Number of protein chains: 2
Amino acid sequence: MSDPVDAAPRHGLSLEEQLCFSLYSASRLVTAAYRPILEELGLTYPQYVTMLVLWERAPVSMKALGEALGLDYGTVTPLVKRLETAGLVQRRRRTDDERAVDVTLTEPGHRLRERSLTVPDRIGAAMGLEDEDFASLKRGLDLLAVNVEDHLR
Amino acid sequence: MSDPVDAAPRHGLSLEEQLCFSLYSASRLVTAAYRPILEELGLTYPQYVTMLVLWERAPVSMKALGEALGLDYGTVTPLVKRLETAGLVQRRRRTDDERAVDVTLTEPGHRLRERSLTVPDRIGAAMGLEDEDFASLKRGLDLLAVNVEDHLR
DNA sequence: TACAGGTAAATTGTGCACAAGGGACTTGCG
DNA sequence: CGCAAGTCCCTTGTGCACAATTTACCTGTA
C-alpha cells in the first residue's frame, strides 16, 4: 500500500471539513449577534471588549490594553481615539514616563457599565448553548489559542 | 434571598470568562498562523478560503461565492478583483443572465491547488489538537453557528 | 407591450487588523 | 556625563467586513 512518507494528507482542502473555517464563520456570526445589542450602547464589538478591560482595571496603559486584547498599537490607537471622541475615555500621558499613555474612564464611561450588565446574558441566549457545551467549547478554544501562540514562538 | 426576577446575571462582564473573547482571540490567532504559510502562495486567509470554494465548484457566481463564505458583495467583490489582478481567477458576465457574474479559475489558479495540498496539515500541526479535541471543537463551533444564525432570523 | 417588483452586483463610507517605519523618551553602560 | 540600545506610541498603507445606496437586468402580470 502507500508508503507513510507520501501518504495522503490527513486533512483535505474541502471547505466543510476545515476547523479554521468553522472558527472564522462562528467568530463573525457572534460579532453579528453582538451588533444590534451593542448599537444601543453606541459601541462596536472591539470597542466593547476594550471597555471590559477598562471597567476591570482602568487606568491602563496603551501597551497593557493592547496586550490584554492581543491587538497592536495600529489597531488600538485609533480604536481608543474613537472612544475618546465618544466621551467614554480619556488619554493622558504619564508624567513619570512620558513615553506611556494611560487610558482612564470618564463619568459617562463608568456609567455605561451599568447599562452593559445585561449584555452577556443576552448574548448567551443568542448562542443557545447548555452550560456544559459552553464550558467545553471555551476550553477547546483556549487550548487552541495556547497551542497556536506557542507555535508562533 | 434574592428574588429570581432580579437575580444576578448568569454571566458577568469579566473579559476572562467570556466565550466570545476566546472565540475572537482564537480566530485571529489561527489567521495569524496561516499568514506565513499563505504568504508563500501569495494569498491572504479570506483569499485562501475563496480559492477553496473555487477549487471545489468553479465556476461559481458571485452570489453563490458570497453565500458559501457567508460574506456579502461589499467584501467579495474587491476580494475577487484582487484574485483576478493576481491572475488566479477570471470574472465573466453570464450570457443567459447578464446580472450574474461567474468566477472561473485560470490555469495558474488551477495549478495553485497542488501547492496548497500541504496547507491543512501544516495548520493542523500549528493547532496541535488531538483528533478527538479537534472534532469536538468543530462540532461545538458548528452548533454555535447554527444557533446564532437561527437567532438572527 | 408596458411596467412593477424583485434580483445580482458594484460602490461608498466606517471601522477593524496588522505590517512597516518613524519619533520621542528612558535606561544601561563605558 | 554621553550615547547606543531598547521601549512606548503613532502613522501609513493594504486588506477585510459590513451597512446603505445605486445601477443594471430579469420576470410576472395585466
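Residue numbers begin at 1 in each chain, while the letters A, B, ... track the order of the sequences. Note that the structure is predicted; figures quoted are calculated from it, not measured.
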A/L71 atom CG is separated from D/dC8 atom C1', nearest whole Å, by 17 Å
Close approaches to DNA chain C from residues 144-153 of chain B, in residue order (heavy atom, under 4.0 Å) = none
Roughly how far, to the nearest 0.5 Å, is CE of B/M127 from CG of A/N147?
-> 10.0 Å
Interatomic distance, SG@B/C20 vs CG@A/L52, rounded to 0.5 Å, equals 7.5 Å
Should we count CZ of A/R92 as having more than 12 external heavy atoms under 6.0 Å?
-> no
Those residues of residues 34-43 of chain B lying under 4.0 Å from DNA chain D by at least one heavy atom | none
Assign B/R94 to base, sugar-phosphate, or nothing according to its heavy-atom contacts below 4.0 angstrom with the strands shown.
-> nothing
Interatomic distance, A/R115 atom CZ to A/L43 atom CG [nearest 0.5 angstrom] | 9.0 Å
Can you tell me how far the CG atom of B/D133 sits from the CD atom of B/E130, to the nearest 0.5 Å?
-> 6.5 Å
Measure the CZ-NZ distance between A/F134 and A/K138 for me, rounded to the nearest 0.5 Å.
-> 8.0 Å
Identify whether the distance between the nearest side-chain nitrogen and carboxylate oxygen of B/E67 and B/K63 falls below 4.0 Å.
-> yes
Should the pair A/R93-A/E98 be classified as a salt bridge under the 4.0 Å nitrogen-to-oxygen rule?
-> no
Do any N or O atoms from the side chain of A/Q47 and from the backbone of A/T44 form a donor-acceptor pair under 3.5 angstrom?
-> yes
By ring pair (Phe, Tyr, Trp, His ring centres under 6.0 Å), B/Y48 pairs with (sequence neighbours left out) B/Y34
So with a 6.0 Å cut-off around CD of A/E132, is the heavy-atom count from everything else above 12?
-> no
Under-4.0 Å salt bridge between B/E39 and B/R35 | no
Taking atom CG of A/L141 and atom CZ of B/F21, what is their separation to the nearest 0.5 Å?
-> 12.0 Å
Reading DNA chain C 5' to 3', which nucleotide is the first, and which the last, to come under 4.0 Å of any heavy atom in chain B?
-> C/dG6 to C/dA19
Step by step, would you call B/D142 with A/S22 a side-chain hydrogen bond (donor to acceptor under 3.5 Å, both in side chains)?
-> CA-CA 6 Å; B/D142 290 343; A/S22 296; 2.8 Å; yes
Considering only heavy atoms, which members of residues 73-85 of chain A lie under 4.0 Å from some atom of DNA chain C?
-> A/G74, A/T75, A/L79, A/R82
Tell me, which of residues 97-104 of chain A have any heavy atom that sits under 4.0 Å from an atom in DNA chain D?
-> A/R99, A/A100, A/V101
May I ask you to say what B/S61 touches in the nucleic acid, namely base, sugar-phosphate or nothing, with a heavy-atom cut-off under 4.0 Å?
-> sugar-phosphate
Taking CG from A/D72 and P from D/dC9, how many angstroms apart are they, rounded to a whole number?
-> 12 Å
Above 12 or not: heavy atoms from other molecules or residues under 6.0 Å from CD of B/Q90?
-> no
Write down the distance between CZ (A/R93) and P (D/dC8), rounded to a whole number of angstrom.
-> 13 Å
